[in-house]
Amino acid sequence: MRKLLPLLSTNPHGGGRSALTCRYRCGDACFHEVPNTSDNEYAGDLIAGVLSRRSALRAAAVVTVASAVGGAAVLGEAPAAEAHGGHGGHGHGHPPVKADGARGLRFAPVAPNTADKVTVPSGYSQNVVIRWGEPILRGAPAFNAEKQTARAQAGQFGYNNDFLSLLPLPGERDRQVLVANHEYTDEVLMFRGYDPENPTREQVEIAWAAHGLSVVVVEEERRTGRLTPVSRHHLNRRLHTTSEFRVTGPAAGSPLLRTSADPSGRKVLGTLNNCAGGTTPWGTTLHGEENFNQYFANGSSATDKRYGVGSGATERKWERFDRRFDLKQEPNEVHRFGWVVELDPYDPDSTPRKRTALGRFKHEAAQPRLTADGRPVVYMGDDERFDYFYKFVSSKRMKKGNSRAAREHNLTLLDEGTLYVAKLTGDSPAAEVDGTGKLPNDGEFDGSGVWIPLATGNVSHVPGMTADEVYVFTRLAGDKVGATKMDRPEDVEPSPRTGRVYVALTNNTDRGKAGKAGADEANPRNLNKHGQILELAEHWDDPASDGFAWRLFLVAGDPNDPATYFAGFPKEKVSPISCPDNVAFDPHGNLWISTDGAQLGSHDGLFGVAVQGERRGELKQFLTVPKGAETCGPVIQDRRVLVAVQHPGEVDGASVEKPASTWPDGPGKLVRPSVVAVWRTDGRDIGV
């Protein structure tokens, strides 16, 4: 009898990215040697000694068994409303086309396209909420592309918005708090006449100020879903490369974190390459520092290499203007990045904290859920080919309420607990996983797994490594304990309705190459350019469990390709999807997926998919983004969808002088990353 994860009841640049994106976003990671050269076991290897099949069966039996998969057809596509996207941008005002589908997904899917605009379904409208450079702090000037200054940028909305969170603002009617990550800068698209070999100090300091985080209050228009920023609100805030951050948790003060500027090892200037993140049940936001390695020059140690730090100069040449970016001069500075940052957006005077208990790696995201007794569990992915995914289980319980005592207590929750890494095994014979994506004879890619403890407080569970070393060099700890090498684990999101955890595995075109790991049941395709989404069920539905069952929920690509899989839903009734990246849930329990680097000839987009009931696996495209852009964010509310349109116009050969996109403001204007809101023209809820 085989173990089942029960169904729920009722290019060389990696993906489709341009070379320009690879250059500025991740430091040409795909052109460098894969940092993980360890020979630890892979997902198809035996772990019978760690987790018996009998225990996996017993654990899976307590999870709800589902109905058979089926579903009605998605109606044919209708012309989409395509607003150009200025502050006054709207759809054409057509009523929504009646469409069948799971509740929350009843819209006519947008057809794949390459339009240089945000394309939304018929009957939906949109507006640009905020653009790069718009002033949000008192004293900040209006954006002037030809007269940018570091001082101005420090008071303006940052560049390349990624993770978004919308939080309630009690006491201020029709207002919410928007928190945004600013992952990286595209200097060649920011500055006229930019010379990448000789950046000026002013350009570098503008880029420093354009990184980081923004907090800005937004106001909604009651009759629509339109949002507009409330500039100069007292909660508005910019945190950037020279802002102060506190180091907390078990590795705070470690000799590995001390520098000449900070001999305490507890104070860091800046946060870098903030990709996705999370929103906590206690009202803070989490921000993952991802491709931080690219900002540091002259790496030389084995640990630098394992984290992808280069041995020469950097692309942006920051080391010419601040010695801390030169590892010859400050070898420990790089150890102070690669953490999860926690921010309290309701306290503009608070110092954000880098949480060492959550480990150091290329954090794509961090999203908590609570155990039955109120302890937070945070799921995290390390966005690198052949790297791992993790969870942290706090030893403290969350206190309810907004009292000062409760908030102060809850700001310590992520400093004490146990850090784990995942190891998976498939339940099919290795010969049935041939690297083509063909389903095994049992009809699913599925199996069991264990959470391997790495460290608890000041105690290391990894032989040969101290606790400090586990936290600072978490990748090496994962290597030592034989964690499963995955296809770029990015966003990891638990369902607030079911507790199931969904892991976006974006792609891995190195899978199966000579000298590299071949296909296994969790990563079933060699030369994997489209990615997949893994669904995980903790034993006994306990987030603190030490074991889980898993299955691949979605194997992305062209539905006409036999190597794709949509949870068993009829593939002729779904939208094509490639390179899943950020994920989020809507109020109905559907999973929404944004893509990065899609390889199917269409621009990247946002998709919704049912994860339970008879329509499980029904996937529909909701929008596409402009030329060269990536879809980030997203936030799905009852009446509004919010996305971050990142790096529009980031196409090979593009520059300020030769723009590849005219979004969002039309010809003659600088291309600007922006946040976009989408709503139904008739004012009703999304997709119902």
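- Although no hydrogens or angles enter the test, the distance criterion places a donor-acceptor pair under 3.5 Å between the side chain of Arg238 and the main chain of Ala209.
- Of all heavy-atom pairs spanning Pro648 and Val671, the tightest one is O-CG1, 3.1 Å.
- Taking the six-membered ring for Trp and the full ring otherwise, Tyr295 and His211 have centroids separated by under 6.0 Å.
- The shortest side-chain heavy-atom distance between Tyr184 and Glu290 does not fall under the 4.5 Å cut-off.
- Counting all heavy atoms, side chain and backbone alike, Arg355 lies closest to Asp415 at NH1-OD2, 2.9 Å.
- For the residue pair Asn293 and Lys362, a side-chain donor N or O sits within less than 3.5 Å of a side-chain acceptor on the partner.
- The aromatic rings of His287 and Phe163 lie perpendicular to each other, with more than 60° between the two planes, well past the 30° mark.
- A cation-pi contact, defined as under 6.0 Å to the ring centre and within 45° of the axis, links Arg360 to Tyr307.
- Remark: Asp344 engages Arg407 in a salt bridge, criterion side-chain N to carboxylate O under 4.0 Å.
- Tyr471 places a side-chain N or O within 3.5 Å of a backbone atom of Gly457 that can act as its donor or acceptor partner.
- Within a 6.0 Å sphere centred on NZ of Lys317, heavy atoms belonging to other residues, nucleotides or ligands number more than 12.
- Residues Glu630 and Val625 fail the side-chain proximity criterion, which asks for heavy atoms closer than 4.5 Å.
- Counting heavy atoms from C-beta on, the side chains of Leu536 and Val492 never come closer than 4.5 Å.
- Ile136 places a side-chain heavy atom less than 4.5 Å from the side chain of Ser214.
- For the residue pair Gln203 / Glu187, no side-chain donor-acceptor distance below 3.5 Å is found, with atom types taken as modelled.
- Listed by chain and residue number, Thr271, Lys354 satisfy the side chain to side chain donor-acceptor pair (under 3.5 Å) test with Glu289 (two or more places apart in sequence, or in another chain).
- Interatomic distance, Phe473 CZ to Asp304 CG, rounded to the nearest 0.5 Å: 8.0 Å.
- More than 12 heavy atoms of other residues, nucleotides or ligands lie within 6.0 Å of NZ in Lys396, so this atom counts as buried by the packing criterion.
- Across all non-hydrogen atoms, the minimal contact from Ser350 to Pro352 is O-CD, 3.7 Å.
- With contacts defined as side-chain heavy-atom distances shorter than 4.5 Å, the pair Arg320/Pro199 qualifies.
- Checked against the 6.0 Å centroid threshold, Trp451 and Phe392 do not count as a close aromatic pair.
- Remark: side-chain polar atoms of His182 are not paired, donor with acceptor, to backbone N or O of Gly212 under 3.5 angstrom.
- Heavy atoms of other residues, nucleotides or ligands lying less than 6.0 angstrom from CZ of Arg151 number 12 at most.
- The closest side-chain donor-acceptor pair between Glu244 and Thr351, if any, does not fall under 3.5 angstrom.
- Closest approach of Val472 and Trp339 over heavy atoms only: CA-CH2, 4.0 Å.
- Checked by atom type and distance alone, the side chain of Arg226 never pairs as donor or acceptor with a backbone atom of Glu221 at under 3.5 Å.
- Closest approach of Thr456 and His461 over heavy atoms only: OG1-NE2, 2.8 Å.
- Leu343 has its side chain within reach of Val215: a pair of non-hydrogen atoms, C-beta onward, lies under 4.5 Å apart.
- Using a 4.5 Å heavy-atom threshold, the side chains of His233 and Glu219 count as separate.
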Practice task
Let me see the working for Gln294 and Trp318 under side-chain hydrogen bond (donor to acceptor under 3.5 Å, both in side chains), right down to the final yes or no.
Solution key: CA-CA 10 Å; Gln294 64 175 301; Trp318 288 4; over 6 Å; no
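- Rounding to the nearest 0.5 angstrom, the gap separating the CG atom in Asp586 from the CD atom in Gln637 is 11.5 Å.
- Applying the salt bridge (Lys or Arg N to Asp or Glu O under 4.0 Å) test to pairs two or more places apart or on separate chains, those with a residue in residues 467-480 are Arg306-Asp479, Asp382-Arg475, Glu384-Arg475, Asp387-Arg475.
- In terms of heavy atoms, Leu454 sits closest to Thr474 at CD1-CG2, 4.1 Å.
- Note that CZ of Arg131 is 12.0 Å distant from CG of Leu670, once rounded to the nearest 0.5 Å.
- A donor and an acceptor atom, one from each side chain of Asn582 and Glu493, are nowhere located under 3.5 Å apart.
- For Tyr388 and Phe361, the ring centers are positioned 6.0 Å apart or more.
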Problem - Residues Arg369, Glu538; criterion salt bridge (charged side-chain N to carboxylate O under 4.0 Å, His left out); working and verdict - result: CA-CA 12 Å; Arg369 63 183 288 209; Glu538 298 272 24; 5.2 Å; no
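- Contact of the Arg324 side chain with the Thr259 side chain is not registered, since no non-hydrogen atoms from C-beta on lie closer than 4.5 Å.
- Annotation: Phe157 is not in aromatic contact with Phe143 [ring centroid separation under 6.0 Å not met].
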Exercise for the section: Might you work through the side-chain contact (heavy atoms from CB on, under 4.5 Å) test for Glu364 and Thr506, ending with a clear yes or no? Expected result: CA-CA 11 Å; Glu364 169 73 16; Thr506 296; over 6 Å; no
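- With salt bridges taken as basic N to acidic carboxylate O contacts below 4.0 Å, none links Asp326 and Lys328.
- To the nearest 0.5 Å, the span separating CG on Leu213 from CG on Asn161 amounts to 12.5 Å.
- Expressed to the nearest 0.5 Å, how far OG of Ser260 lies from CD of Gln329 amounts to 8.5 Å.
- A distance of 10.5 Å separates CG of Asp162 from OG1 of Thr631, quoted to the nearest 0.5 Å.
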Exercise for the section: Step by step, work out the side-chain contact (heavy atoms from CB on, under 4.5 Å) result for Gln153 and Trp132. Expected result: CA-CA 9 Å; Gln153 178 64 83; Trp132 161 51; 2.7 Å; yes
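- Residues Thr285 and Ser165 have side chains that never bring a donor and an acceptor to within less than 3.5 angstrom of each other.
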